[in-house]
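Please read the structure below before turning to the comments.
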2 protein chains.
Amino acid sequence: MGLNPKLTLEDIARMSGVSRSTVSRVINQQPNVSEPVRQRVMDVIHQTGFHPNLAARSLASQRSYIIGLVIPRSVQNLFSDPYIPLLTQGIAQTCNQNNHTLALFLFNTEEDEYKLLPRIRRPGLVDGLIALSTHADDELLTQLRQGDIPYVITGRPMNLPDASYVDVDNLYGAFLAVRHLIHIGYRHIGTITGPLKTTTGMDRLEGYKKALFESFIEYDPRLIVEGDFTQSGGYYAALKILPHQPDAIFIASDYMVLGAIQAFQENGLTVPDDIAVVGFDDLPISSQMSPSLTTIRQPIRPLGAKLVETLLDIIDNGSQPPRRVIFGTELVIRESCGAHQKMVFQGDG
Amino acid sequence: MGLNPKLTLEDIARMSGVSRSTVSRVINQQPNVSEPVRQRVMDVIHQTGFHPNLAARSLASQRSYIIGLVIPRSVQNLFSDPYIPLLTQGIAQTCNQNNHTLALFLFNTEEDEYKLLPRIRRPGLVDGLIALSTHADDELLTQLRQGDIPYVITGRPMNLPDASYVDVDNLYGAFLAVRHLIHIGYRHIGTITGPLKTTTGMDRLEGYKKALFESFIEYDPRLIVEGDFTQSGGYYAALKILPHQPDAIFIASDYMVLGAIQAFQENGLTVPDDIAVVGFDDLPISSQMSPSLTTIRQPIRPLGAKLVETLLDIIDNGSQPPRRVIFGTELVIRESCGAHQKMVFQGDG
DNA sequence: TAAGCTTGTGGGAGCGCTCCCAATTCTTGC
DNA sequence: GCAAGAATTGGGAGCGCTCCCACAAGCTTA
């Protein structure tokens, strides 16, 4: 198993008494190699610990087997939200399973946008890109579209009519959350939204409105406060909404809930007795916190997996027609909504 | 600025009336190119939007300009701790600044350890690796040592005598934290440690002990509870320590503080009135939570930057002698230690 | 038994760079 | 005005693969 330093295909070929081409066929699991030859070559490969040189393979095959994950500057502050690491995990894992390498491109400064993007688009670096969707006016996505690199986007993008994306059903998820609160008996329901420049933020707000509308509850604009998916954003949004005395609140991300609950506590309010809360995401902490959080579960890791699979499909088969995958969401009832205390009612369609 | 698809050095050479070699020299900013020629070539490059093919460059130069970040399975659960994303940011940013690409290798399953590592070590993929240090018996690091790939480790590793690493002064940081608590007047000081299989966990415990020793305070083993750097680990460790009624507690990571504070609240204890808390890390949330957290600040992003710089140094100049960089830490006094209420004393050396 | 398949194998060409050395041009000193 | 040297420039070789085509066997089929 020793790693002889500079072994090449040619070396392995010589050592196993065949040609370079045959060794290549064995390594790439191509057909048209007889079983005894395949065995012999495999033995030599294992004995020598040989691995083909990736740069050479990339050059010859015009594929690098590298997938890039692009995290725009506008979601940088969100990097502390467990959502992104979780998604990254799903993506990384699926890359590994498909024998691809994951390259991470974080845009920190505005300068990066000019410097990094051309670098990413260099030929011979990545086969394709996964981009986190951002607000409408993000330069990044429009630049992507102009390039010739295959890409998918997490979350429905705003102004890219024929982009491929993977998303969750934000509208219906939010709808489930708010309908649940209504079923329990709350009527003065507020919401802390995501950034309303993003489709995610907008869709979840739509779901909120739809649930109220369906139950003929007039909605009070003062009970709708825009957040930004950060913890401190949740905190300040909560402070802003409290004077209008909601009896329940739908918060568009679990991470914002953390900040909001702190605001409630400082104002002497207990969850769920004084104010009921339903979140969105179902992060690992959400079940551990106290009170445990009623929330909308979205399948974050599977989403990451699907992103990779979709991208590989596009790389192999072209970007047309655009792929669109929407994952379902699920209401997870725990303590923070007060369902258990307030009434017998439990399940939800 | 249009991206003509398949431009090569040769094309640029023809278009600017020079040879391939000269274009290469211009692109790589090598000397021995006359100013007018350089100008002419640069103009053509800008007009055409040409970027050299990275796979070809890697093959010819035997450098990929890719750096791998290896996150072992044993720190996977920590991915929700903002520490790792923050570190990753520092690393990514510095990679960009040095025109390197960051590849992310997350080990999710045990299987990955066997499958992924050989892939990482393939020639032509990465120039070097940054590995998060883990507990002593982690297979990963010893495997790294056997390889021929340059690497650095975050945090002093346990059984790698001549590995290069970048770390913070955990011992002195913890010492500062506990000495501060002693200065304020606390005497029954507990600690929730990190995993004691890691040097980080051990060093911070040593610092705790050293501060007590220096003040002739006998330490009570029941006040030392091992945590695991996770939020829920902090919660359970706190529950375990509370019966022994510490008046102050040093918690070895801010993220564990989050869990611990929840345990305190459930037991009706207020911070800092009933129990004083000092953390470690100084995460972004630490200043925002309520009460704001007194903690030991470690320079996470600079640490990431130094990791990259050290690795590049090793790649260029060889791994001997091993590089060792230790960053200093700093006590940040806020509300959770009760210093402001309890006494006039403020500063701390 | 010859002609036509199918299956297995080998080697040339080429992917697009870098690096080295040879060739050319420009300086400079005496 | 010319040799010696420095500064430029060009082109060949090669990095280690993949891909294509040619060729060698073995196997049908008439």
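Every value quoted in this text rests on a predicted model; they were computed, and no experiment measured them. Only this structure's heavy atoms are used, side chains among them; waters, hydrogens and symmetry mates stay out. Here is how names work: the chains are called A, B, and so on, in the same order as the sequence lines, proteins then strands, and each is numbered from 1.
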**Asked** What does Asn53(A) touch in the nucleic acid at a heavy-atom separation under 4.0 angstrom: a base, only the sugar-phosphate, or nothing?
**Response**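 Here Asn53(A) touches the backbone only, sparing every base.
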**Message:** Please classify the nucleic acid contact of Gln62(B) as base, sugar-phosphate, or nothing, using heavy-atom distances under 4.0 Å.
**Reply:**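 The answer is sugar-phosphate, as Gln62(B) gets under 4.0 Å only of primed atoms, P, OP1 or OP2.
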**Request:** Specify the residue among Arg38(B) and Ala60(B) whose closest nucleotide of DNA chain D lies further upstream toward the 5′ end.
**Result:** Arg38(B)
**Prompt:** With nearest nucleotides of DNA chain D determined for Leu59(A) and Pro31(B) from heavy-atom distances, which residue corresponds to the more 5′ nucleotide?
**Reply:**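 It is Pro31(B), whose closest nucleotide lies nearer the 5' terminus.
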**Prompt:** Just by distance, do the side chain of Asn53(B) and the backbone of Ala55(B) share a donor-acceptor pair under 3.5 Å?
**Reply:** yes
**Asked** Does any donor-acceptor pair link the side chain of Arg20(B) with the base of dT18(C) at a separation under 3.5 Å?
**Response** yes
**Prompt:** Any salt bridge between Asp316(B) and Arg63(B), counting N to O under 4.0 Å?
**Reply:**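 Looking at Asp316(B) and Arg63(B), the cut-off is met.
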**Asked** Salt bridge between Asp11(B) and Arg14(B), side-chain N to carboxylate O under 4.0 Å?
**Response**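 So Asp11(B) pairs with Arg14(B) through a salt bridge.
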**Prompt:** What pair of heavy atoms forms the shortest contact from Ile84(A) to Leu132(A), and how long is it?
**Reply:**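 Taking every non-hydrogen atom into account, CD1-CD1, 3.6 Å.
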**Asked** dT9(D), dC17(C), dC17(D): which one has an atom nearest the side-chain heavy atoms of Thr8(B)?
**Response** dC17(C)
**Message:** From C-beta outward on Leu9(B), which listed nucleotide comes closest to its side chain: dC19(D), dT18(C), dT8(D)?
**Reply:** dT18(C)
**Prompt:** Can you list, by residue number, the residues of residues 21-30 of chain A that have a non-hydrogen atom closer than 4.0 angstrom to DNA chain C?
**Reply:**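 Contacts with DNA chain C under 4.0 Å: Ser21(A), Thr22(A), Arg25(A).
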